[in-house]
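Per chain, numbering begins at 1; letters A, B, ... match sequence-line order.
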Number of protein chains: 2
Amino acid sequence: MLKPKPGADRFVPPPKLPPAAPPLDLSEAQMRQAQDLLFFAYRDFTNVADKVLEELGLGRAHHRALHFIGRNPGLTVSALLHILRITKQSLARVLNLLVEDGYVAQAPGYEDRRLRLLTLTDKGKALERRLFESQRNLLSQAYLQAGPEAVEGFRAVMRALMDQGARAYVDGTGSAEDA
Amino acid sequence: MLKPKPGADRFVPPPKLPPAAPPLDLSEAQMRQAQDLLFFAYRDFTNVADKVLEELGLGRAHHRALHFIGRNPGLTVSALLHILRITKQSLARVLNLLVEDGYVAQAPGYEDRRLRLLTLTDKGKALERRLFESQRNLLSQAYLQAGPEAVEGFRAVMRALMDQGARAYVDGTGSAEDA
DNA sequence: CAAGATAGGTCAGCATTATTGACTTAACGG
DNA sequence: CCGTTAAGTCAATAATGCTGACCTATCTTG
């Protein structure tokens with residue numbers, strides 16, 4: 001495979017057709033790029049944790065639950081449902097497994113005993129931390145590389161992309177249920 | 001529901017337990033927040049396009065394919081596989097439907113006739129544009145709100161989160177196949 | 001207290017998106 | 001001609017999501 005010719009599954013620019021109409025304006029190109037940025041950054045950020053999860057027979061859905069329970073001990077089931085934006089049924093499967101496997105504990109609310117307040121067990125905390133570490137390595141590298149001002153900008157854009165409730169949540173000024 | 005008492009599915013801070021160990025250090029808290037930022041921004045960014053897709057009986061996977069084919073007319077099947085990081089089988093289902101429904105056209109490579117160069121039909125372009133518009137509204141609002149410097153920072157951090165091939169791709173210095 | 005609302009759980013069934021492994025066809029390339 | 005590559009396909013399976021119906025326990029309110 002020493003030929004200069006593209007090695008087959010490589011992308012070669014449009015073969016005959018005109019070069020596919022140049023971007024209409026600068027900001028369109030910028031927004032096209034943002035789509036790519038979000039896709040690739042999310043893909044690779046989640047991927048590092050997926051590798052850990054795979055060993056344990058867990059999936060991304062389990063990670064999300066562990067993450068939000070870990071950050072909000074005493075979270076209720078319905079608050080978690082609002083955050084994840086999935087149905088009760090979908091969460092049940094994930095949560096039941098986490099409880100069965102001893103990662104998550106449930107305690108009745110002491111003011112309202114209908115509530116099942118969710119917390120991580122020590123085992124759950126250990127796993128969550130392990131998952132976090134894998135993403136932290138990637139993140140700290142990225143933050144260092146980009147610099148503190150860039151991090152501020154990153155935060156500002158990400159905040160502006162999410163809905164109002166999620167914004168309040170990440171600002172620490174809202175309840176988890178709003179997210 | 002006029003009582004000050006948390007309205008049931010609202011998240012109330014840990015009921016009795018100590019306030020859940022304060023963050024170990026500043027940068028840990030920062031990275032915890034970054035996990036949230038990525039989750040919520042991605043959730044809400046994809047959500048606006050999902051609403052359009054739903055009407056047409058398509059899913060997120062179809063959008064991704066449309067997006068990358070649209071941005072890279074003449075893309076090969078295997079380049080697309082590398083970008084999406086899914087298997088041939090998973091892509092086949094998505095791609096076959098897009099071709100059946102007349103969104104995507106395939107043409108044999110003219111240098112290497114094994115290749116099926118993928119392009120969007122006019123119908124495909126129209127749909128891709130419609131999907132793009134929905135995300136563009138959200139994005140332009142976010143970019144405006146955050147300001148041009150923040151956008152630069154956003155880009156820098158996102159670039160640093162993705163792997164080398166994807167970085168080259170978004171910089172326009174790599175082939176699609178590397179992403 | 002009785003009635004209605006809420007939190008949570010559960011059952012059955014289904015759709016989408018992903019996986020693996022094996023195999024085929026066509027075309028390229030030495 | 002032969003080995004490799006691009007692409008397509010078949011069969012089976014898994015993870016994650018959905019709907020709708022229904023149940024229980026508990027809280028809230030008239």
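Place B:K88 and B:R93 on DNA chain D by their nearest nucleotides, and B:K88 ends up nearer the 5' end. In this structure, A:G109 and A:A61 both approach DNA chain D, and ranking their closest nucleotides by distance from the 5' end singles out A:A61.
Between A:S90 and the phosphate of D:dC18, there is a side-chain N or O to OP1/OP2 separation shorter than 4.0 Å. Contact annotation: A:Q106 reaches the phosphate of C:dG9 (side-chain N/O to OP1 or OP2, under 4.0 Å). Contact annotation: A:T87 side-chain N/O to D:dG17 OP1/OP2 distance is not under 4.0 Å. OP1 or OP2 of D:dT16 sits under 4.0 Å from a side-chain N or O of A:H62. Between D:dA6 and B:T76, no contact under 4.0 Å exists linking OP1 or OP2 to a side-chain N or O.
The residue B:R60 sits close only to the backbone: its heavy atoms come under 4.0 Å of sugar-phosphate atoms, none of a base.
Considering only side-chain atoms of A:V77, the nucleotide from D:dG17, C:dG9, C:dT17 that sits closest is C:dG9. Each of D:dT9, D:dG17, C:dA18 was ranked by its minimum atom distance to the side chain of B:N96; first place goes to D:dT9.
Exactly one of A:R64, A:R43, A:R60 qualifies for a salt bridge (charged side-chain N to carboxylate O under 4.0 Å, His left out) with A:D50. That residue is A:R60.
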Could you pull out the protein-nucleic contacts involving nucleotides 24-26 of chain D (nitrogen or oxygen on both sides, under 3.5 Å)?
{"unit_1": "D:dT26", "atom_1": "O2", "unit_2": "A:R114", "atom_2": "NH1", "d": "3.4"}

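Nucleotide D:dT28 holds its C1' atom 14 Å from the CG atom of A:L115, rounded to whole Å.
B:R136 and B:E133 are joined by a salt bridge, as a carboxylate oxygen and a charged side-chain nitrogen come within less than 4.0 angstrom of each other. Using a 4.0 Å cut-off between a side-chain N of Lys or Arg and a carboxylate O of Asp or Glu, B:E55 and B:R130 qualify as a salt bridge. Comment: B:E28 engages A:R129 in a salt bridge, judged by a side-chain N to carboxylate O separation of less than 4.0 angstrom.
In the hydrophobic clustering of ILVMFWY residues, with side-chain heavy atoms under 4.5 Å counting as a link, A:L56 and A:V99 come out together.
Considering only residues two or more places apart in sequence or on other chains, A:Y169 meets the side chain to side chain donor-acceptor pair (under 3.5 Å) condition with A:N72.
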